[in-house]
Amino acid sequence: MAEGLNKLVNEGSSAAIKNEAVVALATIDLKEALPVVISTLETVGLSDSSGLWRSLLGINGASALLAAELPKSQLSAETARAGLRPAREGSQHQALVSTLMQIAGLSLTNVHLSSAELQALAAEALAKGDAARGEQLYRRTDLACTSCHAIGSVGGKVGPDLTSIGASAPPDYLVESILSPNAKIKEGYHSILITTKNQQVLSGIVLRENATEVVLRNAASQEVTVPVQDIAERTSVGSLMPSGLIDSLLPDERLDLIKFLSQLGKPGPYDAAKHDVARYWRLYQVLSKNSHLGIQGVSRGDFTLADWKPGFSTVEGTLTEESIAKVASEGDQSRGLFAAATFQSATSGPAVFTLAGKASDVWVNGQPVKFDGEFTAETKAGTNVMVVRFPSLGKLSSLRLSSPDVIFLSE
């Protein structure tokens with residue numbers, strides 16, 4: 001069996017199949033499979049790496065073994081950093097967190113600030129922090145804030161919604177929540193750890209449960225159903241938000257992040273309560289692998305096509321060039337890059353839109369639309385989709401789509 005799994009890992013399988021094979025090998029004998037595990041972690045992308053880390057940590061006993069064996073390995077600092085977020089989810093992997101921090105060259109924060117110190121740090125953030133830079137930090141992939149929290153309904157549902165957190169919570173509360181997530185856990189966001197009879201380890205927030213099953217939302221915002229009869233042990237582990245989350249940030253960066261959170265919900269560019277601007281996009285690039293499908297389905301917003309990828313605007317509604325570039329592939333472009341936003345209209349008829357940014361074509365529900373800054377397009381009652389085509393990869397620009405006549409959707 002191990003021979004067949006090693007073949008899947010080494011013979012050009014897809015990333016998903018390779019990861020499944022690596023986890024299967026680790027389940028059989030993690031110590032024996034460790035070289036293959038490390039080489040795979042080193043070669044997969046960040047998002048795939050996080051998923052692989054979580055799968056590995058779902059093997060009973062894997063956390064302790066990895067904590068003991070990784071210092072002897074050649075794990076890179078970058079890969080160790082990628083593993084920190086999954087390892088910090090919950091409180092059961094503290095030894096592994098320490099190991100990964102050491103390999104990554106980071107120091108672990110164990111300081112608990114007094115009430116006066118929390119207030120002083122909050123005051124410093126308000127005085128010196130930069131909210132715009134703080135939002136960039138919030139959206140960094142390695143911090144994964146957007147995976148757990150939503151702003152303006154866009155983002156994860158594992159942690160509390162942050163749309164109005166700055167207006168509803170004092171700044172020192174925000175500081176404490178970041179530094180010590182377990183100090184004050186919001187009702188409904190306590191997580192549990194389940195060990196199954198076949199030695200799987202699962203953690204998450206209980207969405208619902210009955211006499212036959214428990215349904216969790218895990219740190220990857222996925223729903224996981226566990227039959228009650230399969231549960232060997234169930235314990236409370238506090239917050240899914242990792243302690244030491246901002247250990248990798250510089251002091252000024254921490255002030256910027258706190259300043260950004262403190263502005264959420266207040267009047268101005270960080271008020272996400274209104275849905276008159278598109279904050280959630282889907283992006284699609286026509287490449288050699290999908291060019292045979294043409295662009296007709298793309299232009300009408302056919303989201304059953306496999307290559308749509310999510311894109312998130314800033315709170316004030318700008319889909320940045322950096323966000324777009326993460327999806328774009330310069331080496332294999334054939335017929336362009338597209339962005340789609342969905343919205344609801346109460347009635348059918350004309351609606352006014354404002355599109356800021358460079359575009360070569362715009363479609364609403366598959367119909368081409370004449371556009372020039374502010375324009376009017378026919379909509380139908382219910383859900384609609386607007387698709388924008390960028391002129392070329394060399395002319396990417398940020399996009400901002402707004403309308404007073406419709407409600408933009410978050411998924």
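Quick caveat, the model's predicted, so the values are computed rather than measured.
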Would you please test V298 and L293 for side chain to side chain contact (heavy atoms under 4.5 Å, CB included) and show each step?
-> CA-CA 9 Å; V298 180; L293 299 174; over 6 Å; no

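- Here salt bridge (Lys or Arg N to Asp or Glu O under 4.0 Å) pairs that include residues 256-280, with residues two or more places apart or in two chains, are R133-D256.
- Listed by chain and number, the residues in a salt bridge (charged side-chain N to carboxylate O under 4.0 Å, His left out) with E69 are K31, K72 (sequence neighbours excluded).
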Could you check F343 against F353 for ring pair (Phe, Tyr, Trp, His ring centres under 6.0 Å), going step by step and ending with a plain yes or no?
-> CA-CA 12 Å; F343 59 89; F353 296 88; 5.3 Å; yes

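- S410 and S153 form no side-chain donor-acceptor contact under 3.5 Å, judged by distance and modelled atom types alone.
- T146 pairs by the side-chain hydrogen bond (donor to acceptor under 3.5 Å, both in side chains) definition with nothing, not counting sequence neighbours.
- Residues meeting the side-chain hydrogen bond (donor to acceptor under 3.5 Å, both in side chains) test with E209, sequence neighbours left out: R234.
- The ring pair (Phe, Tyr, Trp, His ring centres under 6.0 Å) search around Y138 returns F260, not counting sequence neighbours.
- One side chain, S114 or E117, offers a donor N or O that lies under 3.5 Å from an acceptor on the other.
- In this structure A381 satisfies the side chain to side chain contact (heavy atoms under 4.5 Å, CB included) test with no other residue, sequence neighbours excluded.
- S76 meets the side-chain hydrogen bond (donor to acceptor under 3.5 Å, both in side chains) test with E42, T79; sequence neighbours excluded.
- Among residues two or more places apart in sequence or in another chain, the side-chain hydrogen bond (donor to acceptor under 3.5 Å, both in side chains) test is passed with S262 by none.
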Evaluation steps, side chain to side chain contact (heavy atoms under 4.5 Å, CB included), between D361 and V388 | CA-CA 6 Å; D361 299 281; V388 177; over 6 Å; no

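- Applying the salt bridge (Lys or Arg N to Asp or Glu O under 4.0 Å) test to pairs two or more places apart or on separate chains, none has a residue in residues 95-105.
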Distance-only criterion, 3.5 Å: show the donor-acceptor pairs between side-chain atoms of residues 303-312 and protein atoms not counting sequence neighbours.
{"from": "T304", "atom 1": "OG1", "to": "D302", "atom 2": "OD1", "distance (Å)": "2.5"}
{"from": "T304", "atom 1": "OG1", "to": "D302", "atom 2": "OD2", "distance (Å)": "3.3"}
{"from": "D307", "atom 1": "OD1", "to": "K289", "atom 2": "NZ", "distance (Å)": "3.4"}
{"from": "D307", "atom 1": "OD2", "to": "N290", "atom 2": "ND2", "distance (Å)": "2.8"}
{"from": "W308", "atom 1": "NE1", "to": "D302", "atom 2": "O", "distance (Å)": "2.8"}

Could you walk me through whether R140 and E135 pass the salt bridge (Lys or Arg N to Asp or Glu O under 4.0 Å) check?
-> CA-CA 9 Å; R140 260 179 37 181; E135 181 169 11; over 6 Å; no

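- Listed by first then second residue, pairs satisfying side chain to side chain donor-acceptor pair (under 3.5 Å) with a partner in residues 398-407 read E316-R400, not counting sequence neighbours.
- Listed by first and then second residue, the salt bridge (Lys or Arg N to Asp or Glu O under 4.0 Å) pairs involving residues 159-180 are E176-K184 (not counting sequence neighbours).
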L174 and S177: CA distance, side-chain angles, deciding distance, side chain to side chain contact (heavy atoms under 4.5 Å, CB included) verdict = CA-CA 5 Å; L174 298 177; S177 297; 5.6 Å; no

